[in-house]
Amino acid sequence: MRGGFTLLLLLLSNVFMTLAWYGHLKFKELKWFENAGIFTIILLSWGMAFFEYCFQVPANKLGYEGNGGPFSLLQLKVMQEVITLVVFVLFSLLFFKNESFRWNHYVGFTFLILAVYFIFKK
């Protein structure tokens, strides 16, 4: 139960993180932001990142074995990185049609899956 909830919170956290870090690259297509300066974009991204932390901190607190969760610190970090990349790839393919997913990306993801396997191996 704690493990599944931790994964869900990490997923939600990464959606907000991806929007905060990369979503602003699409703002120029929105009428309200076409004249926004960098300071405005930073403040908007910072506001979105707040929600990232609202999910990330509880996910780590709940999932960490030192707090009764099922995951070690290294396991939490590797899960975070894999979730980050999965969310980012989906985001980039959905919102940035000029981006492509090539063979070397598949190879890289295969190595990441192997990393998860070895990190979780007892």
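These numbers come from the heavy atoms of this one structure, side chains and all, not from hydrogens, waters or symmetry mates. Along the sequence shown, residues carry numbers from 1.
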Indicate, with yes or no, if [Y] and [X] share a hydrophobic cluster defined by side-chain heavy-atom contacts under 4.5 Å among Ile, Leu, Val, Met, Phe, Trp and Tyr.
X      : Y      : value
Leu94  : Ile83  : yes
Val82  : Ile113 : no
Val86  : Tyr22  : yes
Val116 : Leu76  : yes
Leu90  : Tyr106 : yes

More than 12 heavy atoms of other groups within 6.0 Å of Phe109 CZ: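 Enclosed.
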So how far is it from [X] [atom1] to [Y] [atom2], rounded to the nearest 0.5 Å?
X      : Y      : atom1 : atom2 : result
Ser92  : Leu85  : OG    : CG    : 10.0 Å
Phe88  : Leu93  : CZ    : CG    : 9.0 Å
Gln75  : Phe120 : CD    : CZ    : 4.0 Å
His105 : Leu112 : NE2   : CG    : 12.0 Å
Ser45  : His24  : OG    : NE2   : 5.0 Å

Qualifying salt bridge (Lys or Arg N to Asp or Glu O under 4.0 Å) pairs, either residue in residues 9-26, two or more places apart: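 Listed by first then second residue: Lys26-Glu29.
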Aromatic ring proximity Phe71/Tyr64, centre distance under 6.0 Å: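 No, too far apart.
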Results of salt bridge (Lys or Arg N to Asp or Glu O under 4.0 Å) for Glu81 - residues two or more places apart only: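 Listed in chain order: Lys77.
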Which pairs of donor and acceptor atoms, one on a side chain in residues 2-18, lie under 3.5 Å apart (sequence neighbours left out)?
residue, atom, partner, partner atom, Å
Arg2, NE, Leu62, O, 3.1
Arg2, NH2, Leu62, O, 3.0
Arg2, NH2, Asn67, O, 3.2
Thr6, OG1, Arg2, O, 2.7
Thr6, OG1, Gly63, N, 3.4
Ser13, OG, Glu52, O, 3.3
Ser13, OG, Gln56, OE1, 3.0
Asn14, OD1, Gln80, NE2, 3.2
Asn14, OD1, Thr84, OG1, 2.5
Asn14, ND2, Leu10, O, 2.8
Asn14, ND2, Gln80, OE1, 3.4
Thr18, OG1, Asn14, O, 2.9

Listed once per pair and sorted, the side-chain hydrogen bond (donor to acceptor under 3.5 Å, both in side chains) pairs that draw on residues 110-121, sequence neighbours left out: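 Pairs touching residues 110-121 that pass the test: none.
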Where Phe51 and Phe55 come nearest, the two heavy atoms and their spacing: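 In this case the closest contact between Phe51 and Phe55 is O-CD1, 3.1 Å.
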For Leu44, all residues meeting side chain to side chain contact (heavy atoms under 4.5 Å, CB included), sequence neighbours excluded: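 Testing Leu44 for side chain to side chain contact (heavy atoms under 4.5 Å, CB included), a comparison that skips the adjacent residues, returns Phe27, Phe33, Thr40.
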Those residues that, when tested against Phe91, pass ring-ring contact (aromatic ring centres under 6.0 Å, His included) (two or more places apart):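 Partners of Phe91 under the ring-ring contact (aromatic ring centres under 6.0 Å, His included) test: Phe95, Phe96.
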